[in-house]
S.K.: 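Structure in structure tokens, see below.
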2 protein chains.
Amino acid sequence: MTLFDRRAIDAMPQRYRANLINCIPGYKPALLVGSANAQGQSNLAIFSSVFHIGANPALLGMIVRPAPAGTERHTLENILNSGCFTLNHVSAEMTSAAHQSSARYPRDRSEFDATVLTAGYLENFPAPYVVESPIQLGLTLAEHQQLSINDTHLIIGQVEWINCPESLITDDGTVQLTGSDSQVVCGLDSYHSVTIGRRYGYAKPDTPTSVIDR
Amino acid sequence: MTLFDRRAIDAMPQRYRANLINCIPGYKPALLVGSANAQGQSNLAIFSSVFHIGANPALLGMIVRPAPAGTERHTLENILNSGCFTLNHVSAEMTSAAHQSSARYPRDRSEFDATVLTAGYLENFPAPYVVESPIQLGLTLAEHQQLSINDTHLIIGQVEWINCPESLITDDGTVQLTGSDSQVVCGLDSYHSVTIGRRYGYAKPDTPTSVIDR
């Protein structure tokens, strides 16, 4: 093991530190965020900063970096203006297109057109979802704050709808994400499939951990 | 595909909905949080709600559920009182012990003692790390707020040190987490290894996505 202290971390070249710090807390979910502006111009961007906030009501959080001077954050603008967005799982065969959505396309160019991905719409929900995605979620903006610590934006979304193959959902509500081949991201650019894994029963003190068959 | 709208989600039995909503945004990093109280009593708990907030300074966020009436949140209390905590990766062979740390042990019982995991300490850093963990991080509390939307706690930690095998870190700072067999969690209780995956180059408009050899 090598120990990197605060001084060593601060002294790293910027891009090296960015890669290291984005990798070091572990794998993150790869999700395509679909949004649209008031004119219906669609936008799609890959994010790996979505996290669980609550199940009842169903709330998810997402971190959006602030726009450096002279740049634009189309996804953030669209979510704040339209009040809704979609989250779309990325399967292994979608990773190349999903990563390409991170390129800086101009405002009037949809990443749906620039990639091979297809925009779908639900009635009365203006944000597009990704038709090819194995699992899609629609959310409305529930809270927004800019974190004073580094100016990143915290977006909290209320889950309004879930589109998921019923075959992936088990009797107790858990979802078999190996069936959708949902990808995880390491750092900024590395996409990975996940193996079958092992499920454990509810843990109790001084009771041996039990494995749930499936 | 089956569409579940807000009404269908609201009508689900509580545990079914909890499982579904915890699974549906995708896999999350499995991390053991080490902490200690003022008397040096150690605590260890599995979390899957850690996310990236910034690389410079290196900041990570974590969501902690509020304590229902009559229960305790030892990790949260320890972090708020001591101002520091550790994040420890979980390898495949550690999943049983990691999951067992979620059992409700009394305040005076350390999950390190209750499981097979070993507490280690760095000088001048009172929160214990997990010796068996392939990657360990030490953080100081940088910000805390209780989100008004559902009373969950947002903890923001500043990365003070990283303990990681140098062999996992590549020339550009990315970390090969397949080498540490770092686990992801689906929902509340399912642990998974991750496959080698594919890394893409920096995406540019109208330039084909490139694959980085490694």
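Quick note on labels: first sequence line is chain A, next is B, and so on, each numbered from 1. Below, each value reflects all heavy atoms present in this structure, side chains not excepted, and no hydrogens, waters or symmetry copies.
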S.K.: Can you tell me if B:Ser133 uses its side chain to pair, donor with acceptor, with the backbone of B:His89 under 3.5 Å?
M.R.: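 A pair under 3.5 Å: yes.
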
S.K.: Restricting to non-hydrogen atoms, name the atom on B:Tyr121 and the atom on B:Phe125 that form the minimum distance, rounded to 0.1 Å.
M.R.: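 In this case the closest contact between B:Tyr121 and B:Phe125 is CD2-O, 4.2 Å.
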
S.K.: Between A:Thr170, A:Thr152, A:Asn56, who has the most heavy-atom pairs with chain B when the cutoff is under 4.5 Å?
M.R.: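 Counting heavy-atom pairs under 4.5 Å, the top option is A:Asn56.
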
S.K.: With a 4.5 angstrom heavy-atom cut-off, is it the side chain or the backbone of B:Phe51 that approaches chain A, or both, or neither?
M.R.: side chain

S.K.: Check whether B:Ser96 gets within reach of chain A through its side chain, its backbone, both or neither, counting any heavy atom under 4.5 Å.
M.R.: both

S.K.: Just wondering, do B:Trp161 and B:Tyr129 contact through their side chains at under 4.5 Å, heavy atoms?
M.R.: yes

S.K.: Flag the one option from B:Asp171, B:Val211, B:Ile24, B:Asp10 with the top tally of heavy-atom pairs under 4.5 Å to chain A.
M.R.: B:Ile24

S.K.: Which residue out of B:Ala55, B:Pro57, B:Pro205, B:Ser210 racks up the most heavy-atom pairs below 4.5 Å with chain A?
M.R.: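 Of the candidates given, the most pairs with chain A belong to B:Pro205.
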
S.K.: Which bit of A:Val184 is near chain B, if near means a heavy-atom gap under 4.5 Å: side chain, backbone, both or neither?
M.R.: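 For A:Val184, side-chain heavy atoms alone lie under 4.5 Å from chain B.
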
S.K.: Quickly, which of A:Ile135, A:Val90, A:Val175 forms a side chain to side chain contact (heavy atoms under 4.5 Å, CB included) with A:Ser180? Name it, please.
M.R.: A:Ile135

S.K.: Heavy atoms only, distances under 4.5 angstrom: which of B:Tyr202, B:Tyr27, B:Phe4 has the most pairs with chain A? Name it, please.
M.R.: B:Tyr27

S.K.: Between A:Ser101 (side chain only) and A:Ile46 (backbone N and O only), is there a donor and an acceptor less than 3.5 Å apart?
M.R.: yes

S.K.: Quick check for you: among B:Arg7, B:Glu166, B:His99, B:Lys28, which has the greatest number of heavy-atom pairs under 4.5 Å with chain A?
M.R.: B:His99

S.K.: Report which part of B:Leu122 has an atom under 4.5 Å of a heavy atom belonging to chain A: side chain, backbone, both, or neither.
M.R.: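 For B:Leu122, the side chain is the part near chain A, not the backbone.
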
S.K.: Between B:Leu177, B:Leu188, B:Leu147, which residue shows the highest count of heavy-atom pairs closer than 4.5 Å to chain A?
M.R.: B:Leu177

S.K.: Chain B heavy atoms under 4.5 Å from A:Leu60: which part of the residue, side chain, backbone, both or neither?
M.R.: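 Answer is side chain: those atoms of A:Leu60 sit under 4.5 Å from chain B.
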
S.K.: Would you check if A:His153 and A:Arg73 make a side-chain contact, meaning some heavy-atom pair closer than 4.5 Å?
M.R.: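 A:His153 does not reach A:Arg73 side chain to side chain.
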
S.K.: Heavy-atom distance under 4.5 Å to chain B: side chain of A:Ile162, backbone, both or neither?
M.R.: both

S.K.: Taking side chain as everything from C-beta outward and backbone as N, CA, C, O, which of these in B:Ala114 sits under 4.5 Å from a heavy atom of chain A? Side chain, backbone, both or neither.
M.R.: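 Neither part.
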
S.K.: Heavy-atom distance under 4.5 Å to chain B: side chain of A:Pro134, backbone, both or neither?
M.R.: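 Just the backbone, heavy atoms under 4.5 Å.
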
S.K.: Using atom types as modelled and distance alone, determine if a side-chain donor or acceptor of A:Thr86 lies under 3.5 Å from a backbone N or O of A:Pro128.
M.R.: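 At least one qualifying donor-acceptor pair exists.
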
S.K.: I need the residue from A:Gly187, A:Pro208, A:Cys164 with the largest number of non-hydrogen atom pairs under 4.5 Å to chain B.
M.R.: A:Cys164

S.K.: Could you tell me whether the side chain of B:Thr178 and the main chain of B:Thr195 form a donor-acceptor pair under 3.5 Å?
M.R.: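 No.
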
S.K.: Using non-hydrogen atoms only, which part of B:Gln14 is less than 4.5 Å away from chain A: side chain, backbone, both, or neither?
M.R.: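 Neither part; nothing is under 4.5 Å.
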
S.K.: Tell me if a side-chain donor or acceptor on B:Arg17 pairs with a main-chain N or O of B:Ile9 at a distance below 3.5 Å.
M.R.: yes

S.K.: Picking from A:Val185, A:Val50, A:Leu137, A:Leu87, which has the most non-hydrogen pairs under 4.5 angstrom with chain B?
M.R.: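 Ranked by heavy-atom pairs under 4.5 Å with chain B, first place is A:Leu137.
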
S.K.: Quick check: does any side chain N or O of B:Gln146 sit under 3.5 Å from a backbone N or O of B:Asp151, one acting as donor and the other as acceptor?
M.R.: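 Between the backbone of B:Asp151 and the side chain of B:Gln146 there is a qualifying donor-acceptor contact (under 3.5 Å).
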
S.K.: Counting N and O atoms only, with roles assigned by atom type, does the side chain of A:Thr115 sit under 3.5 Å from a partner on the main chain of A:Glu111, one being a donor and the other an acceptor?
M.R.: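 Yes, A:Thr115 side chain to A:Glu111 backbone: donor-acceptor pair under 3.5 Å.
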
S.K.: With a 4.5 angstrom heavy-atom cut-off, is it the side chain or the backbone of B:Arg109 that approaches chain A, or both, or neither?
M.R.: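 B:Arg109 touches chain A through side-chain heavy atoms alone.
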
S.K.: Between B:Asn163, B:Ile21, B:Leu20, which residue shows the highest count of heavy-atom pairs closer than 4.5 Å to chain A?
M.R.: B:Asn163

